[in-house]
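Here the structure comes first, spelled out in structure tokens, and everything after it is commentary.
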Amino acid sequence: MRILGIDPGLQHCGFGVIEALGQELHYVASGTIKTTHLDKGDLPKRIQTIFEGVCEVSDRYQPTQSAIEIVFVNLNPQSSLLLGQARGACLSALVSRELPVAEYTALQMKKAVAGHGRAQKPQIQEMVQRLLRLSKPAGFDASDALGLAITHAQVAWIESRLSASTELIKSKTGRMKDGRSR
């Protein structure tokens with residue numbers, strides 16, 4: 001399974017691509033889609049840049065799954081609205097490429113990657129580097145995106161194990177009829 005993780009942002013939108021083979025994780029690519037070169041007042045152009053950037057990453061690395069961070073309201077409502085629009089551009093790009101989209105909170109990602117929900121960006125960066133055996137750490141936005149991809153890989157693995165377990169239970173109970181074994 002190839003997973004594209006997205007950490008949405010209006011100025012810096014992180015992306016990270018990993019391959020997951022069971023519990024084994026392999027780094028594919030990561031980076032940041034930046035809109036800092038554009039006029040801050042030109043929101044439509046910035047949204048377009050994010051949309052096209054996510055589409056380009058998807059086309060280049062051909063993921064089969066995607067994971068994106070769920071954004072919560074910040075103290076500044078205007079910032080929250082702008083960030084929500086950037087997230088919408090990312091979601092639209094993923095859906096336009098017909099990718100299944102999983103959504104995780106920052107707390108869920110931090111717990112999955114660092115083991116606790118209060119992990120700071122440097123801790124996430126270091127754990128991502130360790131989990132993916134990178135020679136040097138990815139940037140903060142890319143590390144968060146890789147963390148989301150890792151989170152999704154862990155959830156998918158657990159779900160597959162639960163599904164296999166459920167199948168075993170079904171096959172065992174299938175031998176029972178009216179409370180008696182055959």
Under 3.5 Å, is there a donor-acceptor pair between the Ser30 and Tyr27 side chains?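 Yes, side-chain donor-acceptor contact under 3.5 Å.
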Leu132/Ile18 under side-chain contact (heavy atoms from CB on, under 4.5 Å): CA gap, chis, key distance, verdict: CA-CA 9 Å; Leu132 296 176; Ile18 65 168; 3.9 Å; yes
Any idea which heavy atoms bring Ser135 and Gln129 closest together, and the distance? O-NE2, 3.6 Å
Whether [X] side chain and [Y] backbone form a donor-acceptor pair below 3.5 Å:
| X | Y | answer |
| --- | --- | --- |
| Thr32 | Gly14 | no |
| Arg87 | Glu69 | yes |
| Thr105 | Gln108 | yes |
| Gln65 | Arg2 | no |
| Glu98 | Val95 | no |

Indicate, with yes or no, if [Y] and [X] share a hydrophobic cluster defined by side-chain heavy-atom contacts under 4.5 Å among Ile, Leu, Val, Met, Phe, Trp and Tyr.
| X | Y | answer |
| --- | --- | --- |
| Ile150 | Phe15 | no |
| Val101 | Met1 | no |
| Val54 | Leu148 | no |

Whether Asp39 and Lys45 form a salt bridge (side-chain N of Lys/Arg under 4.0 Å from carboxylate O of Asp/Glu) is what I want to check.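 No salt bridge links Lys45 with Asp39.
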Contact between [X] and [Y] at the side-chain level, heavy atoms closer than 4.5 Å - yes or no?
| X | Y | answer |
| --- | --- | --- |
| Arg46 | Lys40 | yes |
| Pro137 | Val128 | no |
| Gln120 | Ile124 | no |

What distance separates Leu91 CG from Ile68 CD1, expressed to the nearest 0.5 Å?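 If I round to the nearest 0.5 Å, the distance is 4.0 Å.
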By side chain to side chain contact (heavy atoms under 4.5 Å, CB included) - contacts of Ser92 (at least two apart):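 If we apply the side chain to side chain contact (heavy atoms under 4.5 Å, CB included) test to Ser92, skipping adjacent residues, the hits are Phe51.
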Applied to residues 82-140, the ring-ring contact (aromatic ring centres under 6.0 Å, His included) test, sequence neighbours excluded, yields Tyr104-His152
